[in-house]
Amino acid sequence: MTKRIDTHAHLGECCVFGLLSTEEDMLRRMEECQVDATIVQPYPGATAASKTHDRIATLCAKHPGRFFGIASLTPHGDRDAYEREMERCIKDLKFVGIKLHTIGHGVNPLSEDGDRVFATAHALGVPTMGIPGRVYRSPFRPLHPSGTQVP
C-alpha cells in the first residue's frame, strides 16, 4: 500500500507571516487528507525556535511513525549557537533533517550563511530541505539552476 507523506508542515506560531498551527490542526488535516506521516518544522518566524523544536520532539514521541522533525533556525548570527542547536535536534531530539529557509530566514543558498546550513547538515549526516525559489548572484541578474546568468 502506498503511503501519503506530507513533507512540509509547521508547528507553532510565526511572527513573520502571522500564522499559527497546533498539534490538533495537523492531526485533523492528516485525517481529512488521509496522510500517513508528516515532516514538521518550526515556522521561520518562530519566536523561540528551540522551544518549538522541543514541542516537535514531544509530538513525534506521542505519535511515533506519524511525525518526523526537521530543525529550522536562522543561520544569521552566532555560528556556534546555530551548530549546537542543529546538533541537539539531530542527535538528541532525533530529527531527520535541517531546513534552509531562503524566504523566511532571508538566506541565499550561495552565501556563507547558506553554506553553513549545508555544511552543518553534511557534518551531521542528514539531508537539507529547502525552498530556493530564485537564487541571485546580484540584485539584478538571477542565476539559472544550470549555473548560467539569466538575461
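Side-chain atoms are counted along with the backbone in the values below, which use heavy atoms only and exclude waters and symmetry mates.
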Can you list the residues that meet the salt bridge (Lys or Arg N to Asp or Glu O under 4.0 Å) rule with [X], with sequence neighbours excluded?
X: Glu13; value: none
X: Arg79; value: Glu83
X: Glu24; value: none

- Please indicate whether Glu32 has more than 12 foreign heavy atoms, meaning atoms of other residues, nucleotides or ligands, lying under 6.0 Å from its CD. yes

- Task: Provide the closest heavy-atom pair for Thr128 versus Ala121 in the form atom of the first, atom of the second, distance.
- Result: OG1-CB, 3.2 Å

- Query: How far apart are the closest heavy atoms of Ala49 and Leu73, and which atoms are they?
  - Reply: CB-CD1, 3.7 Å

Do any side-chain atoms of residues 36-48 form donor-acceptor pairs under 3.5 angstrom with protein atoms, and if so which ones, sequence neighbours left out?
from  : atom 1 : to    : atom 2 : distance (Å)
Asp36 : OD2    : Arg4  : N      : 2.7
Gln41 : OE1    : Lys99 : NZ     : 3.1
Tyr43 : OH     : Ser21 : OG     : 2.7

- Scan residues 115-130 for pairs that pass salt bridge (Lys or Arg N to Asp or Glu O under 4.0 Å), counting only residues two or more places apart or in two chains. Asp113-Arg116

- Message: Within this structure, what is the CE-CD1 distance for the pair Met86 and Ile98, rounded to the nearest 0.5 Å?
- Response: 6.0 Å

- Task: Say whether Val35 and Phe67 are linked into one hydrophobic cluster, either directly or through other cluster members, by side-chain heavy-atom distances under 4.5 angstrom.
- Result: yes

- Message: Check for me, please, whether Leu93 and Val117 land in the same ILVMFWY cluster - side-chain distances under 4.5 Å, paths through other members count.
- Response: yes

Would you mind writing out the side-chain donor-acceptor pairs for residues 55-62 within the sub-3.5 Å range, not counting sequence neighbours?
from  : atom 1 : to    : atom 2 : distance (Å)
Thr58 : OG1    : Asp54 : O      : 3.1
Lys62 : NZ     : Glu23 : OE1    : 3.4
Lys62 : NZ     : Glu23 : OE2    : 3.0

- Determine which pairs satisfy ring pair (Phe, Tyr, Trp, His ring centres under 6.0 Å) with at least one residue from residues 103-130, sequence neighbours left out, and list them in order. His101-His105

- Item | Pairs satisfying ring pair (Phe, Tyr, Trp, His ring centres under 6.0 Å), at least one member in residues 70-96, at least two apart | His53-Phe95

- Message: Test side chain to side chain contact (heavy atoms under 4.5 Å, CB included) on Met26 and Leu11; report intermediate values, then the result.
- Response: CA-CA 8 Å; Met26 282 194 287; Leu11 179 67; 3.5 Å; yes

- Message: Which Ile, Leu, Val, Met, Phe, Trp or Tyr residues join Ile5 in one cluster when any pair of side-chain heavy atoms under 4.5 Å counts as a link?
- Response: none

- Residues at least two apart in sequence or cross-chain that pass side chain to side chain donor-acceptor pair (under 3.5 Å) with Lys91, listed by chain then number, are Glu87

- Message: For Asp25, give me all partners under side-chain contact (heavy atoms from CB on, under 4.5 Å), at least two apart in sequence or on another chain.
- Response: Thr22, Arg28, Arg29

- Query: Can you name the residues that form a side-chain contact (heavy atoms from CB on, under 4.5 Å) with Val16, not counting sequence neighbours?
  - Reply: Cys14

- Please step through side chain to side chain contact (heavy atoms under 4.5 Å, CB included) for the pair Ser50 and Arg88, ending with a clear verdict. CA-CA 9 Å; Ser50 63; Arg88 182 181 83 88; 3.9 Å; yes

- Could you walk me through whether Ile70 and Val96 pass the side chain to side chain contact (heavy atoms under 4.5 Å, CB included) test, one step at a time? CA-CA 6 Å; Ile70 294 275; Val96 298; 4.0 Å; yes

